[in-house]
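Single-structure report; data block below.
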Amino acid sequence: MSSVNDTKFKSAVFLLTGIPGQEDVQNLWISLPLCLMYVISILGNSFILFIIKTDPSLHEPMYIFLSMLAVTDLGLLIATIPTILGIFLFNSRKISFDACFAQLFFIQSLQCIESSVLLLMALDRFIAIRDPLRYVSILTLPRIGKMGLVCVLRGAVVILPFPLLLKRYQYCRANVLSHAYCLQQEVMTTACADITVNNIYGLFTTVLTVGLDWLLIFLSYVMILKTVLSIASYKEFLRALNTCVAHLCAVLLFYTPEFSLTLIHRFGKGSSPLLQIVLGYVYLLVPPLINPIVYSVKSKHLRSRIIRVLVK
């Protein structure tokens with residue numbers, strides 16, 4: 001009996017799924033919009049980086065943090081392109097265990113980094129509104145560089161135990177995953193082992209990374225609101241709040257599907273599988289698509305530079 005179990009899934013591959021039950025239509029009606037989303041997202045974030053890099057007037061803390069966000073979004077796109085477009089364009093469903101573990105590591109670490117960057121951007125807005133005269137002296141380039149390094153190290157160190165733990169397990173259950181990419185919460189359920197450690201560590205890291213970041217962002221905006229309410233001029237009040245709109249949109253785009261997906265995976269066992277899958281795609285693909293658009297529209301300085309480049 002043990003020999004059967006040992007050889008049942010020795011193929012060392014997972015089978016990914018685009019959208020379960022929609023295989024007949026996904027090639028045409030889903031692959032084209034997905035390709036378009038990837039192209040727009042990659043071009044949009046790359047263009048933002050190009051504008052900020054080539055324009056010295058944009059070498060300010062706010063735009064440096066925006067560059068960090070764009071780089072993180074590009075990383076998420078690159079990490080998901082091989083499997084998502086591979087399935088929808090070429091029906092390539094197989095992924096090796098090692099490749100799957102590597103992908104889930106990069107996806108989760110980049111998401112953790114993006115959460116950290118959004119927190120830094122909230123801190124940036126708080127300092128700019130609360131103490132504008134010391135804004136540049138507080139957020140110096142060396143200090144911003146150290147903050148960015150801490151974000152990267154935090155994401156890598158916190159997420160690294162997940163693939164290391166998963167690699168030690170034997171997999172004897174169905175090796176078909178319901179997403180077009182490797183999701184840690186789903187991969188670990190296919191292991192024929194006690195995954196209590198993964199569950200506890202997953203909850204622990206979620207609370208102390210994404211949960212803590214969201215709480216600190218919320219507290220930052222409480223302090224920002226308290227500051228702007230003390231501004232006598234109504235025009236300056238609106239101007240101060242307007243500088244936060246783009247960041248608030250980025251926060252909502254990131255955390256809303258993130259928390260929804262986490263709650264569904266942990267507590268919504270009877271929820272619709274299609275809802276989980278759609279939220280998974282929204283979580284990965286929509287923020288990199290919308291963030292450059294929102295910042296280009298809401299940032300007058302950045303918008304004028306983009307128009308100047310395009311008109312030339």
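- Under the 30°/60° scheme for interplanar angles, the aromatic rings of Trp214 and Phe259 are found to stand perpendicular.
- Nearest approach of Ser296 to Ile306, heavy atoms of both residues: OG-CD1, 3.4 Å.
- In this structure, the side chains of Thr190 and Leu177 come closer than 4.5 Å at one or more pairs of heavy atoms.
- Not counting sequence neighbours, the partners of Thr196 by the side chain to side chain donor-acceptor pair (under 3.5 Å) test are Asp194.
- Of the inter-residue distances, the one linking Lys94 atom NZ with Phe14 atom CZ reads 14.0 Å to the nearest 0.5 angstrom.
- For Asp55, the side chain to side chain donor-acceptor pair (under 3.5 Å) test picks out Ser57, Arg305, with sequence neighbours left out.
- Scanning all heavy atoms of the two residues, the minimum distance from Leu69 to Asn291 falls at CD2-ND2, 3.9 Å.
- Residues satisfying the salt bridge (Lys or Arg N to Asp or Glu O under 4.0 Å) criterion with Arg125, sequence neighbours excluded, are absent altogether.
- In terms of heavy atoms, Cys151 sits closest to Leu120 at SG-CD1, 3.5 Å.
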List the steps, then state whether side chain to side chain contact (heavy atoms under 4.5 Å, CB included) holds for Leu289 with Leu285.
CA-CA 6 Å; Leu289 174 68; Leu285 302 180; over 6 Å; no
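- Closest of all the heavy-atom pairs between Thr209 and Ser115 is O-OG, 4.3 Å.
- Separating the CG atom in Leu165 from the CG atom in Asn198 is a distance of 5.0 Å, to the nearest 0.5 Å.
- Residues that satisfy the side chain to side chain contact (heavy atoms under 4.5 Å, CB included) test with Pro288, not counting sequence neighbours, are Ser41, Asn45, Asp73, Leu77.
- With sequence neighbours excluded, the residues that form a side chain to side chain donor-acceptor pair (under 3.5 Å) with Tyr283 are Gln111, Glu258.
- When hydrophobic clusters are built by joining Ile, Leu, Val, Met, Phe, Trp and Tyr residues whose side-chain heavy atoms come closer than 4.5 Å, directly or via intermediates, Leu238 is grouped together with Phe126.
- Looking at Ile224 and Arg130, their side chains never come closer than 4.5 Å, going by heavy atoms from C-beta outward.
- Two residues are said to be in side-chain contact when any heavy atoms from C-beta on lie closer than 4.5 Å; Thr54 and Val309 fail this criterion.
- Judged purely by atom type and a 3.5 angstrom limit, Glu186 uses its side chain to pair as donor or acceptor with the backbone of Ser178.
- A donor-acceptor pair is defined here as one N or O able to donate and one able to accept, closer than 3.5 Å; such a pair exists between the side chain of His59 and the backbone of Ile52.
- The nearest pair of heavy atoms linking Tyr255 to Leu118 is CE1-CD1, 4.0 Å.
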Check step by step if side chain to side chain contact (heavy atoms under 4.5 Å, CB included) holds for Ile129 and Cys244.
CA-CA 10 Å; Ile129 294 173; Cys244 300; 3.7 Å; yes
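- Put simply, the residue from Ile87, Leu284, Leu16 that forms a side-chain contact (heavy atoms from CB on, under 4.5 Å) with Tyr181 is Leu284.
- Looking at Met188 and Asn199, their side chains come closer than 4.5 Å, going by heavy atoms from C-beta outward.
- For Tyr221, the ring-ring contact (aromatic ring centres under 6.0 Å, His included) criterion is met by His247, not counting sequence neighbours.
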Test side chain to side chain contact (heavy atoms under 4.5 Å, CB included) on Thr17 and Ile277; report intermediate values, then the result.
CA-CA 10 Å; Thr17 306; Ile277 293 164; over 6 Å; no
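- Sorted by first and then second residue, the pairs that involve residues 140-169 and meet ring pair (Phe, Tyr, Trp, His ring centres under 6.0 Å), not counting sequence neighbours, are Phe162-Tyr201.
- Of all heavy-atom pairs between Ala79 and Gln103, the closest is O-NE2, 3.0 Å.
- Atom-to-atom distance recorded for Ile48:CD1 and Leu66:CG is 5.5 Å, nearest 0.5 angstrom.
- Not counting sequence neighbours, the partners of Ile144 by the side chain to side chain contact (heavy atoms under 4.5 Å, CB included) test are Pro61, Ile64, Phe65, Met68, Leu139.
- In this structure the side chain of Val245 reaches within 4.5 angstrom of the side chain of Asn242, judged on heavy atoms.
- The disulfide (SG to SG under 2.5 Å) analysis of residues 56-146, with sequence neighbours excluded, yields the pairs Cys100-Cys182.
- Atom CD of Gln184 is separated from atom OG1 of Thr189 by 9.5 Å, given to the nearest 0.5 angstrom.
- For Thr205, there are no side chain to side chain donor-acceptor pair (under 3.5 Å) partners two or more places apart in sequence or in a different chain.
- Here the side chain of Thr72 pairs no donor or acceptor atom with the backbone of Leu110 at under 3.5 angstrom.
- Tyr281 places a side-chain heavy atom less than 4.5 Å from the side chain of Ile84.
- Annotation for Val150: hydrophobic cluster partners, listed by chain and number, are none (ILVMFWY side-chain heavy atoms under 4.5 Å, direct or chained).
- Residues Leu166 and Leu104 have side chains in contact (heavy-atom distance under 4.5 Å, counting atoms from C-beta outward).
- Distance check, rounded to the nearest 0.5 Å: CZ of Phe97 to CG of Asn175 gives 6.5 Å.
- A donor-acceptor pair under 3.5 Å is formed between the side chain of Ser109 and the backbone N or O of Phe106.
- Pairs of residues two or more places apart, or lying in two chains, that qualify as salt bridge (Lys or Arg N to Asp or Glu O under 4.0 Å) and include a residue from residues 146-171 are Asp98-Lys167, Arg154-Asp213.
- Note that SG of Cys249 is 9.5 Å distant from CD1 of Ile290, once rounded to the nearest 0.5 Å.
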